[in-house]
2 protein chains.
Amino acid sequence: MAMKLKSTPQYEARARIAKALAHPSRMLMLDALAQRDLCVCELTELVGADQSTVSKHLAVLRDAGVVEMRRQGAQTVCTLKICCLNKFWECVEAVLRQNLQSQRQAVGR
Amino acid sequence: MAMKLKSTPQYEARARIAKALAHPSRMLMLDALAQRDLCVCELTELVGADQSTVSKHLAVLRDAGVVEMRRQGAQTVCTLKICCLNKFWECVEAVLRQNLQSQRQAVGR
DNA sequence: TGGCCATATGGCCATTATGCCATAAAAAAC
DNA sequence: GTTTTTTATGGCATAATGGCCATATGGCCA
C-alpha cells in the first residue's frame, strides 16, 4: 500500500465543511458573499425563502467556519471567511467539462 | 447590488458535488484514490464498512462525476476524475488555521 | 415605555441519507 | 458446470435535513 492517509477526525472535519456547502441556497449565498458582505435581510431577499430558513442556513455556514457574522446595529452582517471556493469551483467545472468532452469523443460523437 | 450571480441550475450542480463529498468515508476514499486507482475491494477494506455500504458510497461519487469506475476482470477499478480536491482542502485548512489564530489573538490569548 | 425592524429558535412534517442484511449478478477458477 | 470471488441492488429501520409557521429575542427610535 504505502499510502499517506490522514486521520479519521480530519476526514470528518472535511466532510462537515463539504456538508455545509451542500445546498443550492447556501451556494448562492456564498457566491454573493464572495463579492461583498451582506446582511441577513439582503440574503433572505436574494434566496427568496423564509427568513427563518435563511437564518438556519447561515447558522450552518457559521458553525462550519465558512462565514462569520457580526452584529451591526439592528442587523447581522455576514462575511465570507474561506477564499478558496471560487477557484475550486472553477477548477471542478473546467475538469467536468473536459471529462464530458473526452467521454463524447470516446463514444464517437 | 450589481452582483454577478450564476443560474440556479449551476448552484444546484455545485451543491450536488459538494453533497457527494460530504461524508467521512467518501473523503477517505477520495484521498486514497488521489494516490492511485483502487478496486472496490481495496476501498472496502480501507473504509472498514460493509461492502454494500462502500458500493453505495462509490455510486454517489460516480453519479456526481467525481470518480470513474471501469470493470477489470472480476473487479471494478475506481479512478479519481477531479484533481482539484487536494489543493482545495489544503487551502481550506490553512485558512481555517489562520482564522482560528487571529481569533485567539483578538480575544487576547 | 412602546413599538418596530432584523434575527434566532422551537415545533412539526415531509423527504432524504446511512447502515446493515440478504440476495442477485457477473466473472474467474476449479 | 459448479463454486468462489467481487460488486450491485432491494429492503428496512433509524437518523439527519429542509421548509415553513409561530414565537421569542435584541436593538433602535419615538
- Item | Name of the residue among A:Leu30, A:Leu46, A:Val47, A:Leu43 meeting side-chain contact (heavy atoms from CB on, under 4.5 Å) with A:Ser25 | A:Val47
- For DNA chain C, determine which residues of residues 17-29 of chain B have any heavy atom closer than 4.0 angstrom to one of its atoms, and list them numerically. B:Lys19, B:His23, B:Arg26
- Rounding to the nearest 10°, end axes of the helix from C:dT1-D:dA30 to C:dC30-D:dG1 built from five pairs each make an angle of 20°
- Once you round to the nearest 0.5 Å, how far does CZ of A:Arg104 lie from CD of A:Gln101? 7.0 Å
- Which is it for B:Cys91 and A:Cys83 under the disulfide bond (SG atoms under 2.5 Å apart) test, yes or no, and what are the steps along the way? CA-CA 8 Å; B:Cys91 177; A:Cys83 53; 4.7 Å; no
- Query: Considering heavy-atom distances to DNA chain D, does B:Lys56 or B:Cys39 have its closest nucleotide positioned more toward the 5' end?
  - Reply: B:Cys39
- Task: Just call it for A:Ala49: base, sugar-phosphate, or nothing, with non-hydrogen atoms closer than 4.0 Å on any strand.
- Result: sugar-phosphate
- To the nearest Å, give me how far apart CE (B:Met69) and P (D:dT7) are. 8 Å
- SG of A:Cys39 to SG of A:Cys78, below 2.5 Å? no
- Rounded to whole Å, the CD-P distance (B:Glu12 to C:dT16) equals 13 Å
- Message: Please determine whether a side-chain nitrogen of the Lys or Arg among A:Lys6 and B:Glu93 lies less than 4.0 Å from a carboxylate oxygen of the Asp or Glu.
- Response: no
- Query: Shortest non-hydrogen contact from A:Gly65 to B:Leu96?
  - Reply: O-CD2, 3.7 Å
- Item | A:Ala32 to B:Met3 - nearest heavy-atom pair and separation | O-SD, 3.6 Å
- Here the distance between atom P of D:dT7 and atom CD of B:Glu42, to the nearest Å, is 9 Å
- Query: What's the CG-C1' distance between A:Leu58 and D:dT17, to the nearest Å?
  - Reply: 16 Å
- Task: Provide the closest heavy-atom pair for A:Asp37 versus A:Val77 in the form atom of the first, atom of the second, distance.
- Result: CB-CG1, 3.8 Å
- Starting at the 5' end of nucleotides 22-30 of chain C, put B wherever the base has a protein heavy atom under 4.0 Å, S where only the sugar-phosphate does, and a dash everywhere else. B----SS--
- B:Thr53, nearest nucleotide to its side chain (from C:dC20, C:dT9, C:dT7): C:dC20
- In whole angstrom, give the distance that lies between atom NE2 of B:His57 and atom P of C:dT18. 6 Å
- Using a cut-off of 4.0 Å on non-hydrogen atoms, how would the nucleic acid contact of A:Ser55 be classed: base, sugar-phosphate, or nothing? base
- Minimum heavy-atom distance between B:Trp89 and A:Arg14, given as atom pair plus value: CH2-O, 3.2 Å
- First locate atom CD of A:Gln35, then atom CG of A:Asn86, and finally report the distance between them rounded to the nearest 0.5 Å. 8.0 Å
- Can you tell me how far P of C:dC5 sits from CD of A:Glu45, to the nearest Å? 16 Å
- Nucleotide C:dA8, atom C1' - distance to CD of A:Gln75 in whole Å: 15 Å
- Heavy-atom nearest pair, B:Val67 first then B:Lys81, reads C-CG, 3.8 Å
- Task: Whole angstrom is fine here: how far is it from CG in B:Leu38 over to P in D:dT7?
- Result: 11 Å
- Message: Please give me the minimum heavy-atom distance between B:Val40 and B:Met69, naming the atom from each residue.
- Response: CG2-CE, 4.1 Å
